[in-house]
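Step one of this worksheet: look at the structure below.
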Amino acid sequence: MSEEKLTASLPKAYDPAVTEQDLYREWEEAGCFKADPLSEKTPYTIVIPPPNVTGKLTVGHVLNNTLQDILIRYHRMKGEEAFWLPGTDHAGIATQNVVERELATKKITRHDLGREKFLEHVWNWKEKYGGIILKQLRRLGCSCDWTAERFTMDEGLSDAVKKCFVKLYDDGLIYKGKYIINWCPRCKTALSDEEKIPQDTKGSLWHIKYPFKDGSGYLIVATTRPETMLGDTAVAVHPDDPRYKDLIGKSILLPLMNREIPLIADEYVDKDFGSGAVKMTPAHDPNDFEIGKRHNLEQIVVIDESGIMNENAGQFKGLDRFKAREAVIAALEEQGLLEKIEPHELAVGHCERCKTVIEPYLSEQWFVKMKPLAEPAIKAYKDGTLSFVPDRWGSVYLHWMENIRDWCISRQLWWGHQIPAYTCSKCSHVQVAENAPEKCSKCGASQEFIEQDSDVLDTWFSSWLWSFSTMGWPEKTPMLDKFYPTTALVTGPDIIFFWVARMVMAGYYFTGECPFDSVYFTSIIRDLKGRKMSKSLGNSPDPIDIMDDYGADALRYTMVALAPIGQDVRFAAEQCEMGRNFANKLWNAARFVLMNVEDMELSVLEDYPENLSETDRWIISRLHSTIAHVEHCLKPTEYRFNDAIKSIYEFVWNDFCDWYLEISKKALYGSDADLKRNTALVLLKVLDSALKVLHPFMPFVTETLWRKIPGNSGFLMTGSFPEYDANLVSPETEEKVGKMMQFVRTVRNLRASANVPPSRKVTVRAVASDLNNAVVENFGDLVKSLAGVEHLEITDSKPEGHLVGLVDSSVVCMELKGLIDVEKELARVEKEIENTEKSMAKIAGKLENKQFIERAPADIVEKVKEDVEVYKQQLEKLYEYKNEIGSI
RNA sequence: AGGCUCGUAGCUCAGUUGGUUAGAGCACUGCUUUGACAUGGCAGGGGUCAGCGGUUCAAAUCCGCUCGAGCCUACCA
């Protein structure tokens with residue numbers, strides 16, 4: 001009857017779809033994810049790297065967030081006040097693009113709507129479609145504290161942004177100026193250096209004749225962007241270049257424009273590149289801009305904000321910049337001014353969001369002086385306050401920090417934090433303040449004359465504050481007090497500059513503290529061909545589909561198992577079979593335990609029972625070795641997640657299922673009531689502990705099973721992690737049981753080689769030896785049930801009509817009913833001999849080497865001697881056996 | 001151009017400070033539905049650890065070079 005009950009509640013196969021979603025709701029409703037700022041417990045904090053509100057879950061997110069969840073769940077179970085703060089990022093350009101594209105289907109532009117109406121649209125879009133990814137994280141099982149969810153444009157976070165801007169401005173670290181910046185002619189906004197993606201491109205180097213005004217010939221100028229020559233205001237050479245030294249100061253007549261420009265000298269010019277003469281276009285090249293400033297060159301803008309040639313481009317006005325290039329070349333050629341064209345490879349910058357070729361563009365922008373901010377961030381890494389795993393990212397971080405450049409933070413977008421700078425239209429006075437000033441502080445003009453800067457801030461200007469702005473900073477909130485600075489950060493190395501480095505700088509500058517102790521950089525997920533997962537390639541499987549097919553736990557298991565430290569991962573959905581199979585294996589192991597325990601009215605106990613058997617002690621020893629290893633792997637200096645999950649897998653599958661469950665059947669189906677009870681208690685307790693250890697990695701299946709264990713109540717996830725007890729680890733027991741296992745394998749091996757079906761029992765005679773005697777005496781009954789043996793006995797010598805196998809150098813014989821297949825058996829033994837000889841040869845040579853004996857540590861030498869001795873004995877026995885068969 | 005990382009079984013990957021008979025999962029071969037599980041069990045085949053050279057008593061592991069893959073940084077027009 002109870003059999004029926006269990007079968008009903010525990011089906012033969014684990015079906016994640018049945019439990020996962022409901023279980024998550026239960027956890028959430030019970031407040032299991034919530035962290036208490038007033039708790040006395042040690043805080044453990046992670047802030048999520050906020051995904052874009054427009055984002056959908058990718059396999060990359062899966063890995064990243066699973067790792068965070070593992071840490072959070074583990075530390076929660078270790079009794080710490082674990083706080084995982086979730087949220088999203090407003091993603092200026094990306095979000096604006098999405099909404100603009102949607103409007104475009106209705107043939108509306110944002111300009112049709114105007115700023116205010118457009119922003120209303122974006123907010124509506126955000127409320128409706130934004131943050132899908134956070135729902136998807138719930139599906140994954142992430143135990144974020146959703147009551148603390150934040151968005152970078154929330155009121156509080158927006159106030160923090162303003163506050164920081166004002167402070168930096170007041171401290172003289174924010175300035176506005178006309179500089180060459182990266183401009184996307186499609187998004188029509190400035191971009192930071194980090195948003196410019198260089199791509200190697202096969203271009204050309206055009207060599208153009210620039211004639212001198214006085215008719216005394218010409219010089220050659222080489223360029224990759226001939227269309228910009230229309231804005232040239234000089235040609236530069238190196239002051240020491242003998243070819244040009246005497247010509248410096250002469251006038252050149254700029255072709256096509258007939259503008260008179262000077263030949264100037266500047267150290268910057270590389271004599272060995274091209275012709276050694278460089279055209280200067282200060283309005284369209286960052287280097288020319290710098291040189292131009294030194295020489296007071298005029299800045300002539302010839303390309304407009306859309307990438308179209310403007311009125312300064314003469315006859316080329318109105319042409320797109322790439323069309324203009326062709327037209328300029330054609331015109332030069334016609335006038336015989338094109339000397340030659342060389343193929344030339346160069347890195348062309350592209351817009352991170354829309355892939356449009358970036359245009360260096362002269363415009364008025366806001367910048368942050370970064371050098372002073374970098375100093376404490378550099379120190380933090382160098383003195384160990386901040387650590388990276390893998391550590392090699394530290395040098396990447398340092399290199400960037402030490403060569404840091406000012407950060408262009410203004411964006412010509414509408415969606416974002418509008419810059420809190422106000423200009424008086426009467427006197428042009430600029431005021432920077434958190435709130436709109438009521439009158440001009442200089443000329444006293446009233447509010448109507450004061451206008452806020454129309455630009456918004458780079459999204460990263462809000463996310464670099466994320467680690468503390470989310471907790472209420474600048475208010476001194478209990479949350480901030482309890483959970484800041486945070487403990488760990490888990491993110492991808494691709495945003496080390498965008499985010500990690502800047503967050504460290506912001507942490508020090510605004511709070512005086514490093515915002516986290518350690519950063520773990522995850523692997524990059526690729527497809528099986530090694531390509532990055534991307535939407536355009538269509539090679540990125542949808543994690544939701546994977547979870548539908550295999551379950552969230554299976555996906556989590558697989559991603560973590562597959563991802564070693566800092567190495568890229570090649571992933572395909574089918575690999576989740578390993579996770580699914582593992583969840584199923586665990587399910588069935590639990591099912592077995594529960595079915596057998598059911599009638600005994602037992603519940604899981606605090607301690608193991610007295611009078612443990614050797615094999616009980618063995619599984620407990622294995623369990624505690626596993627616990628120790630897992631805990632070691634999860635330390636911040638290690639973060640060896642794949643190692644941790646693998647050792648649990650091996651414990652559950654190999655030790656617990658393959659051996660201990662099989663061993664326990666002997667007791668469970670036997671008539672010794674005490675033994676039965678003891679075994680059941682050990683099974684329950686080990687299962688209970690295994691579920692706890694595995695829980696941070698595979699939360700759903702473990703919680704589901706744990707709650708079915710008699711005696712358990714509440715939630716596993718808020719329970720405690722098993723405490724490692726070194727006294728329960730016994731190498732001696734593991735050794736003893738290991739010999740028994742070897743013995744069983746040898747018998748199974750013999751059975752297989754003689755094709756004895758599992759159902760047929762055999763007789764085994766073990767030739768007396770220390771090992772054999774101990775195994776037969778201590779584990780005789782077990783060997784019988786595990787290896788399908790009917791009669792097991794010790795003999796003085798090998799009997800006739802038996803197959804022979806070895807355990808170390810002990811001989812184990814299996815009686816064969818009927819004739820031995822001589823040929824087959826001979827082949828098997830010969831193969832065995834060959835293998836053993838090969839193995840021995842590998843190490844035996846060492847002993848003949850005097851140097852080895854003298855220099856190698858004594859214990860190593862001893863070990864080799866012992867091994868060789870074992871091989872020798874094995875070979876002796878194998879030869880003997882071979883002769884015997886041969887003579888049949 | 002510089003820097004970093006990687007190259008281990010057909011595939012995806014482990015292998016912590018040099019000393020293991022070089023491992024796992026999938027795939028493959030044979031046996032197997034015995035009362036947890038065929039998403040299973042038992043047994044097995046398969047690798048000159050990219051190549052060459054060096055250090056060492058000892059190298060998949062440390063060093064150098066070559067070849068191959070990838071990533072990051074860089075203002076050579």
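Values in this document were obtained by computation on a predicted structure and should not be read as measured data. Here is the naming used below: chain letters follow the sequence lines, and residue numbers restart at 1 for every chain.
- Among the protein residues, Tyr397(A) comes within range of no part of the nucleic acid, since none of its heavy atoms lies under 4.0 Å from any strand.
- Using a 4.0 Å heavy-atom cutoff across all strands shown, Ser759(A) reaches no nucleic acid atom at all.
- In this structure, Thr522(A) and Thr491(A) have side chains that are not in contact, with every pair of non-hydrogen atoms separated by 4.5 Å or more.
- Residue-level contact check: His344(A) touches the backbone only, with heavy atoms under 4.0 Å from sugar-phosphate atoms and none from bases.
- Each of Ala590(A) and Gln874(A) was assigned the nucleotide of RNA chain B with the nearest heavy atom; the assignment lying further toward the 5' end belongs to Gln874(A).
- Side-chain contact between Asn182(A) and Pro360(A): absent, with no pair of heavy atoms (C-beta onward) separated by less than 4.5 Å.
- Shown here for Arg751(A) and Ser759(A), the closest heavy-atom pair between the two residues is NH2-N, 4.4 Å.
- Counting non-hydrogen atoms under 4.0 angstrom, Val593(A) reaches nothing in the nucleic acid.
- At the heavy-atom level, Trp206(A) lies nowhere under 4.0 Å from the strands shown.
- Put simply, Tyr660(A) has no side-chain N or O that comes within less than 4.0 Å of OP1 or OP2 on rA36(B).
- Between Lys585(A) and rG41(B) there is a side-chain N or O to OP1 or OP2 distance below 4.0 Å.
- Distance Arg570(A) CZ to rA69(B) P: 12 Å, rounded to the nearest Å.
- Shortest non-hydrogen contact noted between Ile291(A) and Ile264(A) is CG2-CD1, 4.3 Å.
- In this model, the phosphate group of rA74(B) is approached by a side-chain N or O of Arg405(A) to a distance below 4.0 Å at OP1 or OP2.
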